[in-house]
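Here is the naming used below: chain letters follow the sequence lines, and residue numbers restart at 1 for every chain. Every heavy atom of this structure was used, including side-chain atoms; hydrogens, water molecules and symmetry mates were not.
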Amino acid sequence: MSFQATPELEAEVNELISHYPVKRAASLMVLHAIQEKFGWISSDAVQWTAKKLELQPINVFEILTFYPMLRQEPQGKYAIKVCRTLSCALGGAYELHHHFCEKLGLDAHKHGPQTTKDGKFTVEFVECLASCGTAPVMMVGEKFYEGVSHKKADEIVAGCK
Amino acid sequence: MSTAATTETKTAAPAIEKIKVKIDGREIEVPRLTADWSGKLTPMTMIQACELAKTDVPHYCWHPKLPVVGNCRMCLVEFGTPALGPDRKPVINPDGTFKIAKSPRPAIACATPISPGMEIYTKTPAVKQMREGVLESLLINHPLDCPICDQAGECKLQEYSVDYGQSASRFVEAKVHKPKAVDLGPRIMLDAERCILCTRCIRFTRDIAKDDALGIINRGSYNTIATFPGMPFDNNYTLNTVDVCPVGALTSKDFRFQMRAWFLKETKSVCTSCATGCSVLFGSREEKIYRYTPRDNDAVNASWMCDAGRLNYKWIARADRLKDVLVRGQKSTWTAALNELSDKLKKAPVGSVAIIASARQTNEELWLISKLKAKLGAISDSIARVGDADKLLVSADKNSNTNGARLTGICFTEMGVNLQPITDGIESGKIKTLIVFGENIAKHGVNKEKLRDSETVGEVVTEHSLTPELLAKLETLVVSDIHANETTKLAHFVLPGATHAEKRGSFTNGKGRVQKFMKAVEAPGDARAEWEFLHDLVHNVTGQNGFVTIEGLFNQMAKEVPAFSGLTWQAIGDTGVTVQI
Amino acid sequence: MAQEYKLILKHADEAGYTPDIECYLRHGGYDTLKKAFAFQTKTLAEGKTQTPQEQLRQEVMTSGLRGRGGAGFSCGLKWSFVDRKSGKPIYLICNADESEPGTFKDRQIIHKDPHQLIEGMIISCFANDVKLAYIYIRGEMPEGAKILNAALKEARAKGFLGKNILGSGFDCEIHVHRGAGAYICGEETGLIESLEGKRPYPRIKPPYFPAVLGLWMCPTIVNNVETLCNVKHIVAMGGAEFAKLGTPNNTGTRIVSLSGHVKKPGYYEIEVGKATLRELIEDSKFGGGLRDGRKLKAIIPGGSSSKVLKAGEKFKLKKKDAEGKDILVETDMLDLPYDFDSLAQAGTMSGSSAIIVMDDSVDIVGALANLSEFYAHESCGQCTPCREGSLWMNKTLHRLTHGEGRAQDADYLVKIADNIPGGRTICAFGEACSWPVQSFLAKFKDDFVAKGKADEERRAKETSEPKKLEVAHH
Ligand SMILES: Cc1cc2nc3c(=O)[nH]c(=O)nc-3n(C[C@H](O)[C@H](O)[C@H](O)COP(=O)(O)O)c2cc1C
Ligand code: SF4
Ligand code: SF4
Ligand code: SF4
Ligand code: FES
Ligand code: FES
């Protein structure tokens with residue numbers, strides 16, 4: 001098994017399950033918890049989750065493959081998500097995405113996640129991040145950045161050690 | 001009171017209120033409530049009312065035996081309901097009819113309940129246009145590979161495109177590509193590009209087979225039917241998903257590329273692999289069976305059958321079929337063999353004959369055997385087959401006609417109690433003649449082991465030593481069977497029989513359902529339906545004049561066997577009749 | 001002159017205002033909850049009585065509050081549909097998915113004043129006998145989820161949540177549930193399925209109306225973040241008083257999210273209908289006008305799904321004349337009062353109250369292509385017209401913006417879009433994805449034809465056929 005639930009994860013998951021009268025409802029939160037700890041969700045993790053929630057693995061796999069935030073493979077240490085939708089596009093989101101791709105040696109025509117060879121960065125376009133008034137916006141991991149100029153983008157990359 | 005047959009064991013249901021609706025201008029009175037997929041009484045939906053009115057509403061995702069999901073949108077119709085006045089009461093037109101307020105939005109007929117006075121419009125230009133729109137959408141990413149698709153001829157996409165579609169697609173974009181030959185499990189292949197994502201397969205396996213094994217992965221246009229990687233779709237009911245799949249996305253590995261569906265002749269029959277006796281259709285062409293598919297029968301199998309039963313047909317065409325009548329190892333004719341045998345039996349002292357019949361023979365055959373038994377004062381029994389049962393269809397009893405054997409008096413309620421007395425009788429020399437039908441007693445007796453092979457889905461259980469040495473003590477061993485085996489090798493008379501695919505007859509299933517089955521193919525060589533030669537034999541031995549048709553035979557049997565009293569061949573229909581067992 | 005009116009955002013941006021409970025309490029926090037608990041059973045005429053819960057629900061009905069999530073449905077009416085006789089528990093879900101492009105108002109509340117939402121929720125729970133509620137927050141707001149969780153913890157510690165709240169005998173618990181990147185989880189029945197741990201496939205209605213068969217097939221209320229905050233203010237000031245804010249049938253305030261080509265994009269709370277689009281865009285208290293030297297091209301007035309308004313478009317608006325008679329007044333699109341009903345009369349909607357402004361620098365074909373990629377990416381794929389149509393439109397627009405267009409694509413796009421909305425799909429996403437295409441093409445057809453023509457002419461020189469292009473995402 002490449003996936004080993006730690007006692008902390010086990011405890012967190014048990015707490016999450018207690019939030020719902022039906023175990024299955026905890027699926028999404030459990031997957032978040034796993035991804036937070038491991039960075040991605042392996043097949044073994046899916047099976048562990050299914051067992052924990054008394055489900056079939058396909059039940060968990062169905063939702064894992066639906067949500068773009070949930071990852072089926074490891075991603076870069078720094079996950080850069082650039083908002084692509086209209087208000088940000090009007091504010092220069094495509095140029096920003098292009099800038100990141102160029103800087104990190106990735107294909108700017110690809111909108112889906114791309115990871116740099118050294119595994120440090122994953123860059124992707126995402127849809128509206130609900131901060132359209134400060135376009136263009138982006139996230140690195142859980143951190144949110146607004147009004148990102150190319151200069152600011154360079155600083156952000158430089159800040160990723 | 002005699003144990004009269006009942007057509008259905010229905011307890012008097014409370015009368016269901018009827019309501020009037022109009023479908024395309026035609027008024028029809030329908031029950032307000034009806035059984036849903038699970039049999040629960042629920043408000044009748046538009047599609048069910050249209051069905052009663054014989055109005056075709058095209059549909060993909062809706063299936064009468066599966067939960068409603070309403071995702072294909074093929075069944076969209078327009079409708080109106082009685083307009084309500086300010087007093088919240090229906091407004092009445094001068095001619096006394098309801099004033100109808102037409103809904104500005106269409107509704108899916110499969111999920112929308114009807115209400116009194118509702119008007120359903122299935123043929124308006126808007127409905128036509130919506131159907132065209134759905135069909136066009138379903139086809140844009142479809143590979144359009146009908147010439148090589150197994151479903152061709154049975155495909156709802158093909159059918160509805162002809163009936164409801166537009167001629168030309170406007171789609172000029174790149175198609176979405178999905179996996180084409182996915183091995184979903186040991187018996188099922190998926191072509192995800194042909195799939196229209198109706199989820200019938202998912203619902204079948206989750207809600208009927210109770211194996212939540214299939215799902216949809218990815219999102220939007222990239223949605224794809226899948227199993228969890230590494231977990232094959234392998235329950236005993238997987239092939240039903242091929243039946244419910246409205247297109248050629250799911251195919252049976254067994255049937256794939258074997259034969260174009262429209263070449264197949266369909267024959268109503270019954271599965272013989274267990275006591276459930278699922279109603280089936282045989283698909284055959286040129287005296288060869290290509291597949292079994294389930295046939296709707298709410299009293300037995302709903303619309304389903306198990307994979308084991310479905311795939312258990314190849315034995316019919318096996319190379320070792322008995323094709324010749326053999327008398328002491330020499331090829332003979334039916335007339336000669338039956339005459340000689342009749343003479344022997346007529347001379348046999350009372351009590352010197354034993355009969356081991358098969359609980360996979362038909363009611364009619366067992367009844368004819370019971371005639372012989374009575375005349376000869378013979379001791380008789382049959383052999384139990386047991387295996388695993390499940391919660392859906394499969395019975396632990398692997399004989400198709402255990403109840404037929406009981407009701408005709410061939411065996412007692414507990415099958416097999418006479419086998420030891422028969423063994424003892426042969427041993428002591430009291431029994432000199434043994435007539436065996438369809439049971440390989442020499443093998444099963446010798447090994448005393450439980451065995452499983454393609455011929456016997458279940459396990460044959462005999463604890464009795466009908467060893468070759470013992471059988472050698474008999475003066476006359478008569479064996480009728482389908483395939484050559486250890487017992488036919490020892491027989492003085494070998495009478496080649498016909499499988500149920502090659503004759504007509506009836507079975508009484510584990511719950512007392514008497515079902516008839518039709519002939520699909522010819523028996524090979526000289527092999528002959530047992531009821532035919534049994535009829536001759538009974539006539540010769542007992543002097544009774546019977547019936548030379550299966551109808552006459554059945555009707556006569558029904559007169560004489562109390563449990564079948566009142567039945568006629570005609571009246572048992574395609575789905576059978578339940579009798580008291 | 002139009003003014004900001006800060007009801008919900010009264011404190012949010014004040015210097016020194018923090019999201020913790022102490023700060024909230026210093027500003028009168030949870031007093032309204034105490035007020036709600038203090039309601040007594042009232043005896044009405046004919047010996048009938050009205051429970052405190054019924055009175056609270058009556059206040060909400062009186063307030064005229066309309067849902068702030070998008071559909072603008074009466075909150076009081078929605079609550080009145082709840083099946084209270086089923087014997088099953090009733091659930092409340094706060095829709096904090098804020099996923100309609102252009103919208104960023106709920107984010108402000110969650111980040112800056114989470115206790116206001118929580119208080120609104122507890123009052124709503126009390127008014128509806130709800131003992132278990134969830135906040136469904138979009139996955140892309142991890143910070144917001146943390147803030148909410150911290151606030152809930154504080155509320156529990158202070159006895160505003162849990163058993164026997166403030167000695168009222170009322171038990172209530174609220175949990176945060178995070179999404180993971182799916183617009184469709186904003187649709188209330190998709191949200192419910194997502195919360196249940198399934199694919200967020202919106203449910204068919206009938207039979208699955210949340211008020212009767214919602215979360216775990218129990219009666220369920222789904223309300224937007226801003227709607228639930230309003231409940232607090234309705235109880236605080238009284239429904240009738242609240243109804244004086246805004247305009248008739250469009251009561252209270254709304255937080256408008258303004259983005260795109262204005263000098264001062266941002267969120268502005270106004271009394272509903274008391275500011276026009278022009279004021280919101282041009283007034284220095286709001287958007288502060290377009291960028292210098294630019295002219296207005298189009299406005300998307302209520303989130304990306306609402307039908308686009310073209311600069312200079314005129315509408316006939318129903319108004320009352322001096323004698324109170326209904327008259328039709330020709331109104332420029334910019335002079336539409338920003339409320340539910342005026343925008344509906346203009347054939348669009350105020351939706352999630354998100355205005356996206358586009359000036360004449362915008363390639364309108366590109367703008368629609370951008371939105372179509374969003375919808376193709378976000379369709380759940382459950383029902384045929386939307387699953388296939390959303391990607392089809394996206395592919396066509398992608399082709400049209402990548403040099404492979406045809407003049408006929410303008411009509412072709414409309415035909416594709418026409419196959420989707422109007423009740424043909426399971427959920428309103430069908431409308432959401434097709435309305436932009438229908439309205440852009442209806443109003444800017446020339447831009448689309450010109451683009452296709454140009455491509456055709458270029459290809460004629462190169463003697464090439466239009467290429468089939470794969471779209472960029474996935
Ligand atoms: C595709 C789609 C997306 C939606 N997204 C949201 C959303 O992000 N937030 C929201 O509050 N409502 C959203 N809604 C509206 C909800 O379905 C629902 O009407 C709303 O949460 C009800 O709350 P309200 O009555 O308080 O507005 C969306 C609707 C649709 C059809
Ligand atoms: S494989 Fe067949 S039954 Fe299953 S979803 Fe696709 S079309 Fe429907
Ligand atoms: S359940 Fe029994 S009768 Fe039915 S298909 Fe299976 S083996 Fe045949
Ligand atoms: S309309 Fe679109 S988003 Fe809504 S259920 Fe259908 S496919 Fe899903
Ligand atoms: S469009 Fe980028 S945050 Fe909304
Ligand atoms: S049959 Fe599919 S929606 Fe009704």
(request) Check each atom of B:Phe171 against the heavy atoms of chain C and say whether the ones under 4.5 Å are side chain, backbone, both or neither. (result) both
(message) What part of B:Ile108 gets within 4.5 angstrom of chain C, counting heavy atoms only: side chain, backbone, both, or neither?
(response) side chain
Over 12 non-hydrogen atoms of neighbours within 6.0 angstrom of [atom1] in [X]:
{"X": "B:Tyr164", "atom1": "OH", "result": "yes"}
{"X": "C:Lys453", "atom1": "NZ", "result": "no"}
{"X": "C:Glu462", "atom1": "CD", "result": "yes"}

(request) Using modelled atom types only, decide if a donor and an acceptor are shared between the side chain of B:Ser221 and the backbone of C:Leu391 within a distance under 3.5 Å. (result) no
(request) Please confirm whether the backbone N or O of B:Glu173 pairs with a side-chain atom of C:Arg399, one donor and one acceptor, at under 3.5 Å? (result) no
Among [options], single out the residue with the greatest number of heavy-atom pairs under 4.5 Å to chain B.
{"options": "C:Thr384, C:Thr396, C:Ile416", "value": "C:Thr384"}
{"options": "C:Pro466, C:Pro385, C:Gly389, C:Cys386", "value": "C:Pro385"}
{"options": "C:Tyr201, C:Tyr412, C:Trp392", "value": "C:Trp392"}

(message) Counting only non-hydrogen atoms closer than 4.5 Å, does C:Arg406 touch chain B with its backbone (N, CA, C, O), its side chain (CB onward), both, or neither?
(response) side chain
(request) Pull out the residues in residues 418-432 of chain C that come under 4.5 Å of chain B, heavy atom to heavy atom, sorted by number. (result) C:Asn419, C:Gly422, C:Gly423, C:Arg424, C:Thr425, C:Ile426, C:Glu431
(request) Output the option from B:Asn71, B:Thr199, B:Val69 having the highest count of non-hydrogen pairs under 4.5 Å with chain C. (result) B:Asn71
(request) Look at B:Ser103, B:Cys72, B:Ala111 and state which one has the largest set of heavy-atom pairs under 4.5 Å with chain C. (result) B:Cys72
(request) Determine the minimum heavy-atom distance between B:Ala174 and C:Leu469, stating which atoms define it. (result) CB-O, 3.9 Å
(message) Suppose a student defines contact as a heavy atom less than 4.5 Å from any heavy atom of chain C. Which residues in residues 123-138 of chain B would they list?
(response) B:Gln129, B:Met130, B:Gly133, B:Val134, B:Glu136, B:Ser137, B:Leu138
Any chance you could measure [X], atom [atom1], to [Y], atom [atom2], to the nearest 0.5 Å?
{"X": "B:Arg73", "Y": "C:Gln382", "atom1": "CZ", "atom2": "CD", "result": "8.5 Å"}
{"X": "B:Arg219", "Y": "C:Glu378", "atom1": "CZ", "atom2": "CD", "result": "4.5 Å"}
{"X": "B:Asn141", "Y": "C:Glu388", "atom1": "CG", "atom2": "CD", "result": "5.0 Å"}
{"X": "B:Lys175", "Y": "C:Lys395", "atom1": "NZ", "atom2": "NZ", "result": "9.5 Å"}

